[in-house]
Structures are given as C-alpha cells and as structure tokens.
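What follows is a single structure, written as structure tokens, with notes after it.
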Amino acid sequence: MSETILKVEGLNKNFGGVAAIVDVSFEVKKGELLGIIGPNGSGKTTLVNLLTGFVKPDSGRVFYRGVDITGKKPYKIAEMGIARTFQMVKPFYQLSAFKNLIIPLYSSRVRRLRGGMYGDRDDVAIDLLEDVGFERDSFVPYKVASSLPHGYLKRLELARCLALRPELLILDELFSGMSMSEVASTLPIIERLNGEGLTILMVEHRLKELFRIAHRVIALNFGSKIADSPPGEIMENEAVKAAYLGSEEEGEDA
Amino acid sequence: MLLSILIYGLINSIILALTAIGFSLTFGISGVANFAYGGFYILSGFLVWMLLNYLRFPLLLAIALTIGVVGLLGFITYWIILLRVRGIALSEVIATFALGVGILELFRYLGFVTYEFTLPYLKKGMILIAGVPVDYQRLYIIGIGLALVLFLYFFTHHTRIGLSFRGIAQNERTAISLGIRSDWTAALSLAFGCAMGALAAIVILPLGIISINTGYEVLLIAVAVGIVGGLESVSGILIASLILGYTQVFTGTYLKPEWMMVVYLAAIVIVLTIKPSGLFGKFKELEERV
Amino acid sequence: MNKEPIKFRKERLDRGIKARCEDIFALSSYREILYLLLPRVLPVALLLVFPLFKDIVGLYWEKVLVITCAIALLSLSWDWLASVGLISLGQALFFGVGAYVTGSLNYAFKWPPLITIPLGTLGGALICTLLLLPVLRLRGVYFAIVTLTLPLLLMRFIETTKILGGTEGLSALTPLPSLWVELYVPVFTLLICLFGFRRLINEDYGLVLQGIRDNDRAVMSGAINIYWFKTQAVFLAALVGSFPGAFMTHYYQFVGMPAFALDYSILPLTAAVLGGVGTFAGPTLGAFILVPLSEVLRAFGTLRVVFYSAILIICVVGLPEGVFHYIRRKYHQFERMVEVG
Ligand SMILES: Nc1ncnc2c1ncn2[C@@H]1O[C@H](COP(=O)(O)OP(=O)(O)OP(=O)(O)O)[C@@H](O)[C@H]1O
Ligand SMILES: [Mg+2]
C-alpha cells in the first residue's frame, strides 16, 4: 500500500508498577483499516490514549505523517487530523444531539476547512448525524443527549469524530454496548468511510465483525504486541489463542 | 541565633503540618475539600473554653469531649449535608464553605471576639534546649505532631478501616466492588479530619488567643500547605510544612514578623506557576482513565 | 386490608403558546406577544425608571440599587465561571483588584473616573486572569481553593507591605460627576452584561464553554484548546467582576482593604445559588432579593452572614433549582391535581 500515516516506535507506559504498554511498535498505512484486539486490561485503551496525547508515554515515539507527535497536547493532535472515540461515552449531556457536534465544528481545524457563522453549522451537524444513522426528519437529533439510548450515544461519538474531518480515525470499542442490529447498521458506515480513503484504527472486542472489515489485526496481551497479521490468520497464532483461552470470543471463533 | 531558628523553625513547621493534616486527610480519602475546616477548628477552641469556664470540666476531660464531639459533628455533616450533593463539586464546595463561614460568623455575632478567650497550656513552664528556651506547650506540639503522623501511617497501612480509606482514595469504584462502603468511609474521613482539626486547635490555640479570624487563617494555612505540597500526599504536607515553616521563621527573624503571611502568597503563586499540582502531587489531569 | 386512599398526582401542562422549537415563536395575538415579552420587559422597565423616582423612594434606596447592581454583576460573573465549570469562592478578588487598580490610578495620576474606571476594569481583569492562569490547567476544586485564598492573602499582603495605603487605604478620590451617572451606569452595565451573557452562552462559543464544563476531554479531542477558552472565560468574568470594584471606588471615593472583604465573595455566591445557577437571570434576581433584604436586616450585623450561609446550605442541598427556575416553571405551566390509579 501507499505511504505510512502513523508510525509507533517502542512505546512504553507504566501505571505505578502496572506495565500497561510494553515496547509496542507498528505502522499504519494510509487508507488502511487496522484492528487492535486483546483481552480485557491488555492495554488497548492505554495505547489509544498514548497515540492521542491523553497519556504521556514513559519512552518511545509516535510519528504522524512523519511529524513527531509524542507528548503533544490532545487538542494539538486532534487539530492535526487524528480523531478518537472514547470507550466510555460521555457526551455533553445537557445539549441536544446536534449541538454536541457544534463543539468540534467550532474548532479552528474545521473553521479553516469550511466557513460559516452561527447557525450555519447546525445544518452541517444534522448532516453528520444522518451520516452515522440518525433519522434526519425525526426529532432524534434535537433531543438532549441525556435522553438518548446508549447505541445512539456511541454513534454520536462517531459523528463527533467525523465532524473534525479526520485523516486518521481511532475507534475505541465503538461496538461495545450496541445491539446486534445497531452493529449491523454501523458496520457499513465504517466500511464506507474506509472506502472513501479514511485510515481507521479500530480497537474492538467483537472479533467477528472486526475481522470482516479489517485489513490487518494487531493483538495485545499484558501490554505487549503478540501478533500482527491479516484477520484470517490471527486466530491461528498460538500466542493469541493462549491469551484468549477461556474467554468467550475464543469459543465463538474457534 | 542559628540554633533558635532551627528549633523554632521545626516547631513552626509542625504547627503548620498539624493545622493542615486534617484538611488534606479528608481530601485525600474522599475527595471532599472541607472548607468548613477553619470553622470546626475555631469551634473546637471555643468548645474547650466553654467546657472549662462554664461547666468547670477538668482540662483533659474537656479536651477528650471536644475532640469526640467535633469528630461526630464532621460525621453528621457528611450524612446531613454532603451525602445529598456527593459528586457535584459545585455543591460540595459551596456547602462546606457556607458551613464554615456560618460557624465562624455565628461566633462573631455571639460576641466571642474579646481577648478573654484563651486556652490554658497543657503544662506551664519551659526548659532550655541547647541554650534555647522552649516552653512545654511547644514540646507537646512537637510530640503530638510526630505521634499523629506515625499514627496516621500505621493506621492507613495496617488497620482494616485505614486500608479501606486508602482503597477509596485510589479507586472509588473498585473499592465499592470489594465491599468497602464508600459513604461510611467518606463520613469517617470527614470525622477524622475534623477531629484532627480539633486536636490541632487544642494544642496550638493556647499559644495565642482564640480569634475568629484565626479560623480563616487556618483554612488559608491548610490550603497553602496543600497547594505547595500537593493536596493528597502526606509526605507532600510534611515537606511543604518544613519549607513554609522555616521560610516563615527566617522572614520573621530577619524581616518583620508580619511578613510571614506574604510568604504564603509568594509560595502559592510560585508553586502554582511552576508545578500547579503541588511539589508532590501527581499531575493527574490527563492521566485519569478515559 | 384497609382501603387504598385515592392518590393524587400533580400534573404539569405547558401553556400552549410556548413553541416547541427553541427560538422560533409562532405568535398570533398581542396577548401572546405580551405573554412572552412581559417577563423580560417589565423588570427592565422597572429598573430603568427606578432612579427617576428618587424623590419618592428616597436616596437611601437609590444607593441600595447601586450596591445591588454591583453585587448582581459579581454574581453574573460567578455564574459565567460556573457555566465553564469553574467554582469561584472569591469574587472579592475581582472586585478588590479592580477597585485597587482604579483607586491607585486616580490617586497617583489624578485621572478622571471616565479614564480610571475603564482602565481599572481592564487592568484588574488582566491581573486576575494572570493570577488564576496557572490553576486553569488543573481540574476539580483547585480553582475554588485558589479563588478562596487569593483575596484573603492579597488583603494581608497590602496590610503588611503597607503599599497602596496599607490599612488606611486611599481616600479623597475623585467623585463621580453626577447622581445620574451614579445611578444609571450600574443599571445599564448590569443590563448589558445580563443580556450579553445570556446571548453568548447560547452561541457556538458558549456551547464550547458548556462542553468544557460537562466533559473537557471530549472537547479537547474535538481539537479545541480548552485552556485558551478557559482563559478567555476567566478574563470575561474578571472584567464583569472588576467593573463594580472600579465603579464603587469612585462612588465611595475610597478604596481600602474592605474591597477584598468576605461580603463580596459570599453575597454574589448566595445570590447566584438562591436565584438559580446557570441562567444569569437567576443570579441577578437573587441579588435583587438578597441585597435589599440584607439592608433591611442591617441591625443584625454579622448575623446576616450566618443567614447567607444558611441560605446557601439550604439552597444547595434542598433547592438546587433556584428561585428563577421555579418562577419560570410556574409562569409557563399549569398545574393541576389528577387522580392516580
Ligand atoms: N489511569 C490509569 N491509572 C492506573 N492504571 C491504569 C490507568 N489506565 C489503565 N490502567 C491499567 O492499565 C492496564 C491496561 O488498561 P486498558 O484500559 O488500557 O485496557 P484495555 O485493553 O483497554 O481493557 P478493556 O478491554 O477492558 O477496555 C490495566 O491493568 C489498567 O488497570
Ligand atoms: Mg479499553
């Protein structure tokens, strides 16, 4: 494939004795859809936090399009075009769904990309919500976030990222807590985004769905990278099998 | 001269640490910034005074009773006021602040503002330490301060309730899942914090008079020590007390005594600019779980 | 089993006119227009004509109006900070710094109030923002702690260093040019700030600030520099808080350590909590209830502060909604009892 968009070199992070990430290195090519899997507590979220500046690594470097972004502030990294969702959704509960999107739309990154005064952004926000599967002509986009069901909040997270017009999208367990039908309707959206050229890094526990769309999958266990292969082969890997031994995913895919 | 600075610096530092420890104990365990601390401190002073002068209690009984009562008041404060607003920082802060101001201004209104309000020394007289005169009360302060720190260390590391304190401090949700009742622990943390404030008040206040403004000052000291050392860390409190205590004695000796308060302002501004989370506080801002 | 008593439940109905959509109203009659405009126009009109009746109500109550406006501005500034998630326990900081900057400019250079008040407001806001800047990087109660501490410390600082007049303060400052200026400048400033804030908080800019209050991480991951936004918010609050300080300095023709007094911290706070946090109209209303009331209760001396504290605790714990929300609800809704079960 084409140029490298993200390059991670020897990343390490300790939380007071707990080694959350141990010497992790990998590369992501432009346009790739990379999956990251691993049992609970294996450091996936920590890795995402390290990439997006929410946690500072003890050592190691992260390069985004050749620029060293290690230890940069989260908003600077987002400004450069890396958007992320949070595993624990925490929308702006008191604002209506579409107003949730006004906030990223107000950032200098987006204002640079497209103009618009107060009010104009509302349409953009509604369009974005439609993109992630909110019913456009219903009242759902106008409801306050605190009254929306969890599945919608997850998709609101996704829309919040898309509002930034990212070049690299990092999804931290987007599907967790979604119903089967919600997953089924969100999956094509991600495929489409990827098809449009967006590079996506996807942390996921739902292996079946992930394997369907990912180009490549990295497995973590106790913070270390234990496998890096196409989705078809990753479960053949002995280390991955051992890591997942006994967990339900293993039974599902074996 | 140097020796006296050394000794009085130590005494001063221990006074600061004693004053601050109750506030930061509560904050470290339950995350409640008890802005009523200064109020409880002064309340303890007046309570002892009233027990001694109105009811003619013996000193030790008055002290024990006061510490118990103030601790209980802290406990009740949690159940009546804080429990309902737990987790809403805005309301917690305002409620404790209002409580503290209310207590202090009530005493002011009731006329507790004259010079007659003093507490007796635990033991009168003084001795010479390496040629420097030190009165017994200050020795008691040193002793009680050290004992309290040791007790705290033992308590939090070796007793069940202490361990559950630390559990809550580290991660409330995990602690709850381990069967530690967070409300009880938080209420106890408030009780202990207030009781320690009472103890501090009882040993420190005899050095001067009990005045309402001391209540605000105590809060100021507790906060200043907390900001400099890092609010949640006991070692931070000790080091910060030493720094502030010795600087104060230096300024008091070589400049004028009134300049001591300026030291706090300077220390707070400097530490906030260089390391806003305090010298020993963890800069937790981003490291929290997301 | 004894018979189940008939239970009643309160049912609330919106009055039909309040349109569902946030800012478009379909109006059909003058009564509906009146219904919507009255709650806004009436208080404004009252405020504007009140100074005209100075001969009837007496100068004393006109002076109370000035103080009320000052406290209302401080509580507006408090509410603005609260809508970014910053809890201030020391509005006296803004008031005092604004007052001292203005006072010393006038004292040193003999500049007229027309120059010193704007300069004092601006300078005071800048100094306060710089003082608070480091704390903005921290979350949680740090802001409350530091705002509580700073006015107390600055007061002691002035006392010990004897700068800026020390305990005596600076007196014999230039008086304001006329009674009308004394009365109308605070009233107009209050109205401008009130409606300005109410508008600003609903614009995109205000949404970002509210977002920072609700979830600062999500805002950060939206490529927004939250520290810069918080700094702006604090500066704005400091402006609105320093103005009353600057104004009252010339009004009293004096500035001294009382400018950092606890009253200027606790009164705005109580007003905001009593009136209803987050609406701007609430804190203003709160100030207009509290300040005149405390004038009436002047005889009680410091017991008034105890009384504010009690109001604060009761409101925070028991009535977090505030007076303004309550009135608004009553105005917009019918209530009736319906039978249940
Ligand atoms: N802020 C933190 N402080 C202390 N320890 C942390 C922190 N964040 C994560 N950890 C620890 O680091 C390890 C990795 O956690 P992480 O959240 O990255 O796992 P994960 O793979 O995302 O798990 P899950 O599948 O449950 O989301 C865990 O042991 C966790 O307890
Ligand atoms: Mg995770």
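Keep in mind it's a predicted model, so treat the numbers as computed, not measured. Throughout, a chain's letter reflects where its sequence line sits, starting with A, and its residues are numbered from 1.
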Euclidean distance, A:Leu95 CG relative to C:Asn215 CG, rounded to 0.5 Å
11.0 Å
Distance-only polar pair, side chains of A:Tyr106 and C:Asp204, donor-acceptor under 3.5 Å:
no
Closest approach of C:Ile224 and A:Ser107, non-hydrogen atoms and distance?
CG1-CB, 3.6 Å
Please name all residues satisfying salt bridge (charged side-chain N to carboxylate O under 4.0 Å, His left out) with A:Lys7, sequence neighbours left out, ordered by chain then number.
A:Glu9
How far apart are the closest heavy atoms of A:Pro74 and C:Met220, and which atoms are they?
CG-SD, 3.6 Å
Separation between CZ (A:Phe92) and CD (C:Gln210), nearest 0.5 Å, reads 10.5 Å
Under a 4.5 Å cut-off applied to non-hydrogen side-chain atoms, are A:Gln94 and C:Arg213 in contact?
yes
Just verifying a value: how many Å separate A:Met88 CE and C:Arg217 CZ, rounded to the nearest 0.5 Å?
11.0 Å
Find the distance between OH (A:Tyr75) and OG (C:Ser221) and round it off to the nearest 0.5 Å.
13.5 Å
Take atom OH of C:Tyr326 as the centre, draw a 6.0 Å sphere, and report whether it contains more than 12 heavy atoms from other residues, nucleotides or ligands.
no
How far does CD1 of A:Ile103 sit from CZ of C:Phe229, to the nearest 0.5 angstrom?
9.5 Å
Please identify each residue that fulfils side-chain contact (heavy atoms from CB on, under 4.5 Å) with A:Leu210, with sequence neighbours left out.
A:Ile37, A:Met202, A:Glu204, A:Ala214
Here the gap from A:Leu105 atom CG to C:Leu207 atom CG, rounded to the nearest 0.5 Å, amounts to 11.0 Å
